[in-house]
Structure formats: structure tokens, C-alpha cells
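Just below is one structure, and these are the notes that go with it.
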Amino acid sequence: MAGWTVHEGQAVVLDRRDVDTDQLIPARFMSASRAEGYGGFLLHDLREGEGDFPLTRHPQASVLIAGPNFGCGSSREAAVYALVDAGFKAVVAESFADIFAGNAVNNGLLPIATAQAAQIRAELGGDTARAHIDLGSRVLTLGSSRIDFDLSDTAQTKLMNGWDDIDLTRAYAGDIRSFRDRRKSDHTWVWPKA
Amino acid sequence: MGTGDCTVPGAGLMQTLLDKLWAAHEIRAENGQSLLWVDRHLVHEGSHHAFARLADRKMAVAQPELTFGVADHYAPTRQRDSIADPKVQVMLDRLDANCRRHGIRLFGLGDPRQGIVHVIGPEQGLTLPGLMINCGDSHTSTHGAFGALAFGIGATQVAHVLATQTLWQAKPRAMRIRFDGRAGPAVTAKDMALHWISRLGVGGAAGHAVEYAGEAVRALSMEARMTLCNLSIEGGARFGMIAPDQVTFDYVAGRPFAPEGADWDRALQMWQTLQSDAGAVFDIEARFRMEDVAPTVTWGTTPDQALPIGSCLPDPAKLDATQAEAARDALDYMGLQPGRPLEGTPVDQVFLGSCTNGRIEDLRLAAAVLRGRRARVPGLVSPGSMLVKQQAEAEGLDRVFRDAGLEWTASGCSMCVGMNGDLVAPGQRCASSTNRNFRGRQGRDARTHLMSPVMVAAAAVTGTLTDARPLLEGRI
């Protein structure tokens, strides 16, 4: 996966709270392999149910402004694949579900949690705005407004380098081995009997 | 404590159950993230993305003996010999091939122990107190009922566990939810869960690990504790846990994969230390009284949109602006009128099963209501595992369900998520013992009402959302 530091794109509003991962990608699409591309599955049923859906109107959008508790529910990483394959680089919301936020960072998608999300949604409405994201300085610029966002150092490093945890963890192979050996000798009961 | 020590005696030594479990699995800590050792990794058909990542990198599974495969999400509940949907067959075959290739023990379709991953882990004694347990499924918090550190992970993390038997994770904050008092008739762990989630909201416990405590939690059976922990994620908590006690130890003893002999003694000694110390500090404490917990039903499209069965549906006109719009949307999707009584709402079908409520006690309670009665609407009963099915049949519960007119099927995630083709048709209303009432969860445009198994049985008997209490009276 390629890392990124700066992104220029178009922001679009999905004015809903508690957008769950079942809506982000309905279960029936999840047997597809990633190579087939998940972009067409994004918010599939919601999109078809509403004629004037913002994501349909603005297919070029790459920054999604949504409501609180985004990505709640199922741990399905396919929800992130659908966003990424549809061209999204970032989602802005008041808050994110824990599993979704982790999955996002693992796939190069930036979750920006900011209390300003509500205000942005209200100001933008059905319009779009130019969005500029600088991961290095943790700044999102939307039109003329500047939003400083929090992002852990770990998430920042992973996103900017496109790093995979497996690569990072390999450096600790020795620690892991000795932890395992100690656990196995001190807590023999942990290893399944049968 | 030594004299001259002006700190509170023992302060800083007081640990929560979360602290103890975390410390026991921490290999390293860096930049706010811990590298944690995984004792049990459970994979299912949906783990195919993770296996594909492993294959791309030509990596092997690090600890196949700590990894277990289960066919559940796509498991057909009928006609297993000739699977009609090629997509389902492909998913099952992929899991089979991946497990074989990596030497992972698989509870596949042909295995008499097959079932839903969160039912068979405990049933087989793979789930034990003090373990860290992960699975690419958000309801992995179920296993926390044993005093385990158990949480759902995404596919990239599944690949990471396969490759390294470890996970990087930031430690959540600690939250304690207490239930004081005693449960009334027909009030179950499901109602306790829907109650706290309706009070605190679907994001109410986000970023936290929830420890359930209090008299009413201690009084729960092991299976009921699993139901309570299972639903933690619906309130935003990735982790749910209950300190193990004699109920836990009795449940675990003698299970196929559980320790025995000297190992059991050693394990028990360790397990008895697994509780939050008196005086341990939680970031959030919430307290509920059982007298406030009634049989509860969801009316909307998120699990926090839930009310006691005797309530009237909300009127968006009387709610504040932020809630009003969500309520209006939800009522519209659900085809419900604001302000009308919840009870008496006609349902089209019922579903009994899932990792939340597919265990033998769930089936027994539902059967108590259905015995000698006919269901007015069609319904599906899918036991949580094939061993639960066997047990139910030995007790004659299958006859009760069949005689009532419900379909008795094999085990899997079934109509909770619909991946195997067990779907609720568009516009149909289902009284369901599952965990999510999201739009389209049980099928496109399906309308789901979450409730306990006994409430599902009552809905079957009357064909409407119904208070189960009168129907259960004198029967248990």
C-alpha cells in the first residue's frame, strides 16, 4: 500500500449519524475478492433508495463529511475497502467506532474525528468544497476554513508510509518468541489440551 | 506501608480486571500502543481477505495450534448436501482450503461440533478465563464473559495475528456497568443489554472496555453472561468482560479443550486473581437498577432505539433536533406511526438464534412459551451450534418448535446477517433474537425488532410485539 502525506480533493456531505458498516457495504457483496473492486458496493442500498444521493451526484469526491459514530457495528474491513475503492482518502465525523477507525488507518484511509464536523455539514449542505489535507501538520483545509485534527503518532506514521503492521512487528520477533516460551512454561494450561 | 509514605496506601496498585488482563498479554509498549500476545485466534469464512494477504506475502501461520477455523457466517441451515448458491460454496471451500493449507483445526460443516464461533468456543472449552481471544468479528466480546480479554478485529489485523500471533492495540479506557437488584420475570440478559444501550447510546461506551458487575450480573448463568458481553459492541465497546467466579469455573470444567489435572489446578489459581481490586478506578461508572429493566424491544434502526414493551413509540415532534431526525428516519424505515403503542405491532415472521441468543437456555425459555401453542406467523429456529441442536432434540424442544409451526434448522449465523441466504424479504417485519436492527441487516429493506428469545416466542404466539410475561406465567 502506498503512503500519502498531502491530499487535494473534493469534500461531500453524508448528513447521517451512526452510519453502520452494514450500510457502508451490505453483507451480500462481501464474498467478492478485493481484486474485483469494492467501490461499487459503497452505501449500495442507501444510494439506490435515494434518487438524489450526494455520493452519486459527486462521484469525484474523496473526502466524506459524516455524522457521529461513523462505522459502527460489524468489524467488516470491507466497509473500508468500499470507501477506498470508491476513491475516498478521508472521512470527517464527530466520532468513529473503534474497530472502523483502526481498519481505516490500516488501509490508508484517514479518520478525522472533530467536533467541527456538525458545523461543516451545516455549512456545506448539498454543496462540495475543495479539501486539502496535510498529514504531516495534521491540518484539514476546507474552502477557507482550517481545521487542526488529532491523529496518533502511530496512525500518522502508518498512513504517511503506507506501512503494514506485519513489517513493523517483524523487528520484535525475538521478544515475541521469548514471551511465547515464557507463557508456555509458566502457564501450561493456556495451550489447548485436545 | 512504610511510615512517611504520604500517598494513599496501595494507590496505583489497585488494578481493574482490564489492567490485569492487559498486563498479562503485553509483550511491549510503544507510542501508546501495546504489542499483545494472542492465546486463541478464531477464523471463519469471512477471514478470506486475511488469508489472501498472507498468501501475497508467502507467509505461514505462526501458531496454527492456537488458531481455530469455524464455518458459520455462510453455513447453510438447510440442505447442506447440495448447496444451491455457488457463492456460499466458494466461501466454505476457501475456508476449508486455507485451514488445510496452514494446518488449522476446522469445525467445518460436516463436523458434529460445528456452530457459531462465539457459541462453540465456550462450548468446546477453547474459551477460558485469562486468555486473550481474537476473531474477525465484532461480537468476539462474547468471550469476555469468562474474564478473558476478547475483542473483534478487522481483516488486516486477522492477517497480522495469523502471521505473528500478536496484535498492536491501544489500551481502551475502563468502564464499569453495574446492575443492582434482581431481574423480574421474563427479564433476561438481553433486556439488560438493550436497557443500558438505550440509556447510554450506541456510542456510549466507545473507546472503553466494559466490565459488568453487580448483584444481577453475579446472578446470571454463564450463557446469560455471554449474551450481555456479546452486545457490548452495540453500545460502542469493543470489549465486554465479567470477572470469573464459581459459575465460570463450573461451566469450563470438563469441556473438551479445557485444562485438567495439575493444569486445571494451576489455571484455577490464576483465574481466582482475575477481578478488579476494591478501590480500582474506572474512567466511567454507570449504574442501573433491575426494577427499571423490563422486557425490551427495539423500534428503530440502531440498537439504542429500544423501549420497554409497554411503551409508546417516540414522537419526533417531542424530541430534540439531533434525535428527532434520526427517529423520524427510523420510524419511516420501520413503517411505524409515532406515538402508537409498541405492543400489538403486527410482525410477519420470527427468528430465534445467533451468537447473541442461540444457546440451550435461550431455546428452553422460548420453548416454555411455545409449548402447546401455535405460532401465528412463520419463523426459523437455528440453534447456536450443532451440539446445542442435539441437546435441544434430546430435551424434545425441537418438537415444541415444530408443533408450533416453526422451522427447525441446522446451526449458523443464519438470519442474523443473511449471508447464507436466510433473509427477511423487503418490507417484512421480523421479531428477532439477534444483535443488529440496522437497515438491511437481515435483508434489503427488512424491518428488524431486537428482543430476547422469550419475547420472540411471545411474538410468534400472538403475531404481534407482545409482553411475554403473561404467556410465561406458571411455565418456568
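Numbered from 1 within each chain, the chains take letters A, B, ... in sequence-line order.
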Heavy-atom cut-off 4.5 Å, strictly under: side chain, backbone, both or neither for [X] against chain B?
X       : result
A32(A)  : backbone
T188(A) : both
Y81(A)  : side chain
R17(A)  : side chain
R16(A)  : side chain

Answer yes or no: is there an ion pair linking [X] with [Y], defined by an N-O contact shorter than 4.0 Å?
X       : Y       : answer
R76(A)  : D137(B) : no
D150(A) : R138(A) : no
R34(A)  : E77(A)  : no
R57(A)  : E50(A)  : no
D56(B)  : R53(B)  : no

Salt bridge (Lys or Arg N to Asp or Glu O under 4.0 Å), paired with D39(B), selected from K184(A), R180(A), R183(A):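 With D39(B) as partner, K184(A), R180(A), R183(A) yield a single salt bridge (Lys or Arg N to Asp or Glu O under 4.0 Å), made by R183(A).
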Counting only heavy atoms closer than 4.5 Å, note whether H73(B) contacts chain A via side chain, backbone, both or neither.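 The answer is neither part of H73(B).
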In terms of heavy-atom proximity below 4.5 Å to chain A, should E65(B) be classed as side chain, backbone, both, or neither?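 Backbone plus side chain of E65(B), per the 4.5 Å heavy-atom cut-off to chain A.
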Which one, [options], leads in non-hydrogen pairs under 4.5 Å with chain A?
options                   : result
Q165(B), R40(B), M419(B)  : R40(B)
K87(B), R266(B), H48(B)   : H48(B)
T302(B), T301(B), V202(B) : V202(B)

Pairs of heavy atoms under 4.5 Å with chain B: top-ranked of [options]:
options                           : value
Y38(A), F100(A), F96(A)           : Y38(A)
N69(A), T169(A), N106(A), N103(A) : T169(A)
L46(A), T157(A), D167(A)          : D167(A)
C72(A), A27(A), G73(A)            : G73(A)

Picking from L142(A), T114(A), D15(A), what satisfies side chain to side chain contact (heavy atoms under 4.5 Å, CB included) with I65(A)? L142(A)
Stepwise, does the ring pair (Phe, Tyr, Trp, His ring centres under 6.0 Å) test hold for F29(A) with H44(A)? CA-CA 10 Å; F29(A) 299 122; H44(A) 183 278; 4.8 Å; yes
Less than 6.0 angstrom from the centroid, inside 45 degrees of the normal: does R28(B) satisfy that with respect to the ring of Y172(A)? no
